[in-house]
Colleague: 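Sending over a structure as structure tokens; questions will come in a sec.
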Amino acid sequence: MNKLQRWFNSIKLRYKLVLFYICFCFLPVMVLFLYSFFQMRQVLADKEKINLQSYLYQSVATMDSKIEVYDNLSDYISFNSNLSKTLEYEYESPYAQYLQVVEEVDPILQTLRYFHKDISRVTIYTDNGMIKHDTTIAPLSEIAGEDWYQSVILSSGTEWFVDENSREVFSARRMPVKTKDGNPCVLYMEVDYGQLFGPYEQTLTSEYGVFITDESGKVVYSGSRFSEDNKKYILDYGSLKTEKEKGTSSEYTIIAENSTKAGWTVWLYQPLRIAERGMSPVISMIALTVLLSCCCALLAYLFISIMISKRLERLTATMQEVESGNLEVEVTSQDKDEIGLLYRGFGNMLRRIRTLIEEVYVSKITQKESEMKALQAQINPHFLYNTLSIINWKALAAGEEDISRMTLAMSTFYRTALNKGKNTIRVEDELKNTKAYLEIQDMMHDHDFDYVMEIEPEILGYESLNLILQPIVENAIMHGIEKKTDGRGKIEIRGWKEGGCVWFSVKDNGAGMDMETARKIPTMESKGYGVRNVNERICLYYGEEYGIMVESEVGTGTELKIHFPVEVKRGLI
């Protein structure tokens with residue numbers, strides 16, 4: 001089998017096309033037929049879904065417009081000044097109340113019901129001592145025990161309530177009327193259930209079901225318009241939720257629309273099989289079209305046939321993987337045709353790119369190490385140590401303790417800085433170097449700033465790059481403490497272990513800087529060399545995810561943080 005495949009991949013492309021024509025003529029025709037069938041089915045399903053969405057949108061809009069009318073009428077009654085005065089007035093006798101209700105309240109409410117036949121009842125509930133009158137005025141005690149009463153009292157607008165079992169729907173709202181007992185009046189407006197939800201029943205669209213739920217998920221309306229043959233597709237609300245959770249595997253098209261006026265959700269569902277009922281004549285049309293176009297499309301099918309496409313797609317996938325940053329993939333091919341040549345050319349190019357990257361990376365590290373060694377080589381260590389030792393003894397003999405302390409600090413600083421030409425050092429020695437530098441700077445600045453070092457003992461034995469703290473401390477003194485115009489300067493150095501890394505923080509209370517200047521400090525845009533050089537050395541040695549982070553605020557101070565992975569210096573721990 002392998003020999004046959006190698007032979008096939010080695011022959012000319014034009015011979016492959018001839019073999020494709022002989023062996024795979026029927027397969028492309030069937031693929032096109034099936035593709036057209038599923039595409040057409042999807043088109044019909046999408047069209048049916050659009051029709052359902054349009055119907056649902058129009059139905060919800062119609063219902064919302066009715067609710068808006070009812071809400072406007074409720075506002076009109078609630079804020080009617082004459083009506084408010086009638087409800088707030090304390091009557092001397094029931095007869096006086098009766099005359100006022102007949103003259104002021106009844107005309108308003110009867111006129112409203114006259115022009116809106118779908119409003120079944122309008123009642124104002126009050127505790128102002130008014131006697132019940134027909135269906136227009138009633139004591140508040142009649143509804144005080146209802147479940148919906150507290151919801152209305154706590155709301156500032158109109159609330160809608162529906163009971164599907166009793167087919168009762170009404171709105172209620174708190175009226176801005178002050179009574180002697182301080183309890184609000186409640187306006188109750190009951191509307192015709194069938195009129196409000198009529199848009200979901202009076203339509204030419206058929207074979208669907210509808211549920212309307214309130215904000216708590218309770219069903220306030222349900223209905224369906226299935227023919228006798230399709231009654232089996234009717235769902236209850238629990239089954240609807242189950243089908244909704246199935247997502248794309250559901251056998252139903254399920255769409256929802258929210259009512260902006262009442263806060264309800266309207267669910268509409270339709271079986272997919274009903275949407276596909278028009279596919280039978282389409283299948284015949286597609287089959288005939290495929291057969292007639294087969295000859296014209298034969299050449300195109302040959303060029304996009306499976307064997308060629310598969311190899312090209314594999315090469316494309318490899319190119320995309322390289323594009324995403326993975327340069328370690330291997331691209332080889334033993335094929336001798338044009339595609340095989342393309343594979344080998346791409347593989348050779350990739351190997352050359354890896355070689356060039358490695359050369360540049362190694363040369364960059366070598367350059368940094370050379371710079372460090374050149375800096376260290378500028379000082380003759382033995383001569384320097386001997387000279388500093390003589391100065392120390394002379395200072396002690398002369399009683400100059402400050403000169404002696406500065407000499408010892410300088411000796412410690414250069415001994416740890418030079419580090420016998422090595423690029424790495426223990427954290428403990430790096431801290432000794434930094435402390436010696438701070439002592440020298442403290443004496444040079446006449447002790448006009450303070451410094452503290454808080455280091456977790458756990459990290460002292462770990463390995464660190466040499467000379468990474470001193471340049472940062474130097475930067476804090478020169479650009480922070482020396483530029484401070486008020487108060488005493490202070491430098492805080494902390495060291496700790498976190499998340500498998502060693503962390504250092506150098507914080508000063510100096511002049512600070514703006515965000516743009518702080519961003520440039522560790523980058524090539526910085527005018528200074530010390531901090532930038534430390535950042536580049538850390539990135540080159542440990543990786544780009546490590547380095548220096550800068551936080552600063554003008555007038556408050558600056559904090560520089562370093563972190564690098566934990567490494568234990570061999571032979572020391």
Side-chain angles (χ1 to χ4, degrees), residues 66-193 195-196 214-216 218 220 259 261-264:
K66 290 184 177 182
I67 292 176
E68 184 175 15
V69 171
Y70 299 143
D71 288 347
N72 290 338
L73 293 173
S74 179
D75 290 341
Y76 168 74
I77 296 173
S78 298
F79 294 97
N80 187 288
S81 59
N82 293 333
L83 193 58
S84 297
K85 292 177 181 178
T86 301
L87 296 173
E88 291 175 349
Y89 188 77
E90 296 183 14
Y91 298 97
E92 297 178 354
S93 66
Y95 182 72
Q97 173 202 319
Y98 171 77
L99 291 178
Q100 192 67 14
V101 170
V102 170
E103 292 177 359
E104 295 293 341
V105 180
D106 286 353
I108 295 175
L109 302 187
Q110 289 173 1
T111 301
L112 184 147
R113 292 184 59 189
Y114 177 80
F115 287 103
H116 297 276
K117 303 296 185 183
D118 46 348
I119 297 178
S120 306
R121 177 164 68 95
V122 180
T123 304
I124 298 174
Y125 292 94
T126 177
D127 67 344
N128 203 26
M130 301 184 73
I131 300 173
K132 184 173 182 179
H133 174 72
D134 195 17
T135 61
T136 57
I137 299 295
L140 195 63
S141 58
E142 288 188 6
I143 61 171
E146 297 291 339
D147 295 337
W148 51 266
Y149 175 72
Q150 288 299 325
S151 175
V152 172
I153 294 301
L154 297 175
S155 175
S156 60
T158 302
E159 298 289 322
W160 283 88
F161 304 92
V162 183
D163 188 339
E164 184 188 17
N165 296 327
S166 62
R167 294 179 64 84
E168 179 184 13
V169 55
F170 63 91
S171 69
R173 64 162 298 146
R174 181 161 47 90
M175 298 178 67
V177 176
K178 297 180 181 178
T179 62
K180 63 179 181 179
D181 293 335
N183 293 322
C185 295
V186 174
L187 175 63
Y188 176 97
M189 181 184 296
E190 183 177 345
V191 300
D192 187 86
Y193 186 91
Q195 287 291 330
L196 181 61
D214 60 16
E215 295 176 347
S216 64
K218 176 185 175 183
V220 299
S259 168
K261 298 301 179 182
W264 300 330

Colleague: Taking all non-hydrogen atoms of both residues, which atom of Pro107 and which atom of Val102 are closest, and how far apart?
Modeller: CD-O, 3.1 Å
Colleague: Between Met189 and Leu73, which heavy-atom pair has the shortest distance, and what is it?
Modeller: CE-CB, 4.2 Å
Colleague: I'd like to check the side chain to side chain donor-acceptor pair (under 3.5 Å) partners of Ser259; sequence neighbours left out, ordered by chain and number.
Modeller: Asp64
Colleague: Quick one: side chain to side chain contact (heavy atoms under 4.5 Å, CB included) partners of Thr111, sequence neighbours excluded?
Modeller: Phe115
Colleague: Considering only heavy atoms from C-beta outward, does the side chain of Gln195 approach that of Lys66 to under 4.5 Å?
Modeller: yes
Colleague: Would you name the heavy atoms of Tyr125 and Pro139 that are closest together and state the gap between them?
Modeller: CD2-O, 3.3 Å
Colleague: Going by the rule side chain to side chain contact (heavy atoms under 4.5 Å, CB included), which residues pair with Ala96 if we only count those two or more places apart in sequence or in a different chain?
Modeller: Tyr91, Ser93
Colleague: Please find the pair of heavy atoms, one from Leu196 and one from Val169, that lie closest to each other, and give the distance.
Modeller: CD2-CG2, 3.6 Å
Colleague: ring-ring contact (aromatic ring centres under 6.0 Å, His included) with Tyr70: which residues, sequence neighbours excluded?
Modeller: Trp160
Colleague: List the atom of Ser78, the atom of Ser84, and the distance in Å for their closest heavy-atom pair.
Modeller: O-OG, 3.9 Å
Colleague: How would you list, by chain and number, every residue that makes a side chain to side chain donor-acceptor pair (under 3.5 Å) with Asp163, sequence neighbours excluded?
Modeller: Ser166
Colleague: What pairs with His116 under ring-ring contact (aromatic ring centres under 6.0 Å, His included), at least two apart in sequence or on another chain?
Modeller: none
Colleague: So, using salt bridge (charged side-chain N to carboxylate O under 4.0 Å, His left out) as the criterion, who are the partners of Asp118 when residues are at least two apart?
Modeller: none
Colleague: Step through the shown structure and confirm whether more than 12 heavy atoms of other residues, nucleotides or ligands are within 6.0 Å of CZ on Phe79.
Modeller: yes
Colleague: Do any N or O atoms from the side chain of Thr135 and from the backbone of Thr123 form a donor-acceptor pair under 3.5 angstrom?
Modeller: no
Colleague: With sequence neighbours excluded, what pairs up with Glu104 under the side chain to side chain contact (heavy atoms under 4.5 Å, CB included) test?
Modeller: Asn82, Thr86, Gln100
Colleague: Any ion pair linking Arg173 and Asp75 (charged N to carboxylate O, less than 4.0 Å)?
Modeller: yes
Colleague: Should Glu146 and Val186 count as side-chain neighbours, where that means a heavy-atom distance under 4.5 Å?
Modeller: no
Colleague: Donor-acceptor pairs are to be reported for all side-chain atoms of residues 147-159 against protein atoms at under 3.5 Å, with residues two or more places apart or in another chain.
Modeller:
| residue | atom | partner | partner atom | Å |
| --- | --- | --- | --- | --- |
| Ser155 | OG | Gly157 | N | 3.2 |
| Ser155 | OG | Glu159 | OE2 | 2.8 |

Colleague: With sequence neighbours left out, write down each residue that passes side chain to side chain donor-acceptor pair (under 3.5 Å) with Asp106, or none if nothing qualifies.
Modeller: His133, Thr136
Colleague: Backbone N or O of Tyr76 within a donor-acceptor pair of the Asn80 side chain at under 3.5 Å?
Modeller: no
Colleague: Using the test side chain to side chain contact (heavy atoms under 4.5 Å, CB included), find all partners of Ser81 that sit at least two apart in sequence or belong to another chain.
Modeller: none
Colleague: Sub-3.5 Å donor-acceptor pair from the side chain of Arg113 to the main-chain atoms of Ser120, do we have one?
Modeller: yes
Colleague: Could you tell me which residues satisfy ring-ring contact (aromatic ring centres under 6.0 Å, His included) with Tyr193, sequence neighbours excluded, listed by chain and number?
Modeller: Phe197
